[in-house]
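One structure below.
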Amino acid sequence: MTNPITIEITILAPINTVWEYFCNSNHITKWNFANETWYCPKSESNLHVGGSFNHTMAARDGSFSFDFKGVYDEILPFDTIKYHLDDGRNVVVLFEEIDANTTKVTEIFEPEKQNSAEMQREGWYAILNNFHKYVENNSK
């Protein structure tokens with residue numbers, strides 16, 4: 001990876017729940033956006049090596065949308081997901097069981113060249129934090 005950015009968050013939920021909410025399209029549409037002015041109207045995911053995903057991210061006011069697409073390169077259930085985006089950048093997602101009810105999620109990604117590394121870190125972290133809130137608020 002070239003100049004990777006790492007973000008992480010600890011979620012108060014069992015690893016199997018965190019994995020399910022991260023990988024299942026029905027859940028992805030509920031958390032895969034950085035703030036409330038955006039949403040994820042569509043998510044398709046074929047979670048196996050060589051399978052693809054496509055998550056549509058859109059502004060709620062209808063002014064802009066884009067597809068976040070890639071292909072899965074490695075999947076170790078409840079542990080690691082590696083994928084590459086359509087533009088060739090690589091991403092690694094690590095799931096670590098801290099204890100029976102606590103899971104750490106780490107994302108390591110190659111930044112794109114258009115936006116600053118800090119802006120990308122903040123955007124990806126906002127989405128990961130939204131995931132964290134969604135899991136904790138819906139898994140009890």
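Numbers here are sequence positions counted from 1.
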[X] to [Y] - nearest heavy-atom pair and separation:
{"X": "Val105", "Y": "Leu128", "result": "CG1-CD1, 4.0 Å"}
{"X": "Val18", "Y": "Phe131", "result": "O-CZ, 3.5 Å"}
{"X": "Asp99", "Y": "Glu97", "result": "O-CG, 3.3 Å"}
{"X": "Gly123", "Y": "Ala34", "result": "O-CB, 4.2 Å"}
{"X": "Ala13", "Y": "Val135", "result": "CB-CG1, 3.6 Å"}
{"X": "Met57", "Y": "Asn32", "result": "CE-O, 3.4 Å"}

Examine distances only and state if a side-chain atom of [X] and a backbone atom of [Y] form a donor-acceptor pair shorter than 3.5 Å.
{"X": "Lys30", "Y": "Asn26", "answer": "yes"}
{"X": "Thr103", "Y": "Ile15", "answer": "yes"}
{"X": "Ser45", "Y": "Ser25", "answer": "no"}
{"X": "Glu44", "Y": "Asn54", "answer": "no"}
{"X": "Asn130", "Y": "Phe33", "answer": "yes"}
{"X": "Arg60", "Y": "Tyr39", "answer": "no"}
{"X": "Asn138", "Y": "Tyr134", "answer": "yes"}

When rounded to the nearest 0.5 angstrom, what distance separates [atom1] in [X] from [atom2] in [Y]?
{"X": "Ile11", "Y": "Phe95", "atom1": "CD1", "atom2": "CZ", "value": "8.5 Å"}
{"X": "Ile81", "Y": "Asp73", "atom1": "CD1", "atom2": "CG", "value": "11.5 Å"}
{"X": "Asn129", "Y": "Ile9", "atom1": "CG", "atom2": "CD1", "value": "4.0 Å"}
{"X": "His55", "Y": "Lys69", "atom1": "NE2", "atom2": "NZ", "value": "12.0 Å"}
{"X": "Asn101", "Y": "Thr17", "atom1": "CG", "atom2": "OG1", "value": "9.0 Å"}
{"X": "Ile28", "Y": "Thr56", "atom1": "CD1", "atom2": "OG1", "value": "11.5 Å"}

Quick one: does [X]'s side chain get under 4.5 Å of [Y]'s, heavy atoms only?
{"X": "Thr6", "Y": "Thr106", "answer": "yes"}
{"X": "Tyr83", "Y": "Ile75", "answer": "no"}
{"X": "Trp38", "Y": "Phe64", "answer": "yes"}
{"X": "Ile127", "Y": "Glu107", "answer": "no"}
{"X": "Arg121", "Y": "Ile7", "answer": "yes"}

message: Applying the side-chain contact (heavy atoms from CB on, under 4.5 Å) criterion to Arg89, which one of His84, Glu110, Lys113 satisfies it?
response: Glu110
- prompt: Can you get from Phe109 to Phe66 by hopping between Ile, Leu, Val, Met, Phe, Trp and Tyr side chains that sit under 4.5 Å apart?
  reply: yes
task: Look at the side-chain heavy atoms of Ile, Leu, Val, Met, Phe, Trp and Tyr, link any pair under 4.5 Å apart, and say whether Phe78 and Val91 land in one connected group.
output: yes
message: Using the side-chain hydrogen bond (donor to acceptor under 3.5 Å, both in side chains) criterion, which residues pair with Asn16? Sequence neighbours excluded.
response: none
Salt bridge (charged side-chain N to carboxylate O under 4.0 Å, His left out) partners of Glu20, counting only residues at least two apart: none
query: Just wondering, more than 12 heavy atoms not from Gln114 lying within 6.0 Å of its CD?
result: no
- prompt: How far apart are the C-alpha atoms of Tyr72 and Phe53, what are their side-chain angles, what is the distance that settles it, and do they pass the ring pair (Phe, Tyr, Trp, His ring centres under 6.0 Å) test?
  reply: CA-CA 8 Å; Tyr72 296 109; Phe53 64 86; 5.2 Å; yes
message: Is a donor from one side chain sitting under 3.5 angstrom from an acceptor on the other, for Gln120 and Asn115?
response: no
message: Using side chain to side chain contact (heavy atoms under 4.5 Å, CB included), reason through Thr37 and Asp61 one step at a time and then give a plain yes or no.
response: CA-CA 8 Å; Thr37 64; Asp61 67 7; over 6 Å; no
message: Working note: Tyr21 + Trp31, criterion ring pair (Phe, Tyr, Trp, His ring centres under 6.0 Å); need CA distance, chi angles, decisive distance, verdict.
response: CA-CA 9 Å; Tyr21 282 32; Trp31 60 261; 9.5 Å; no
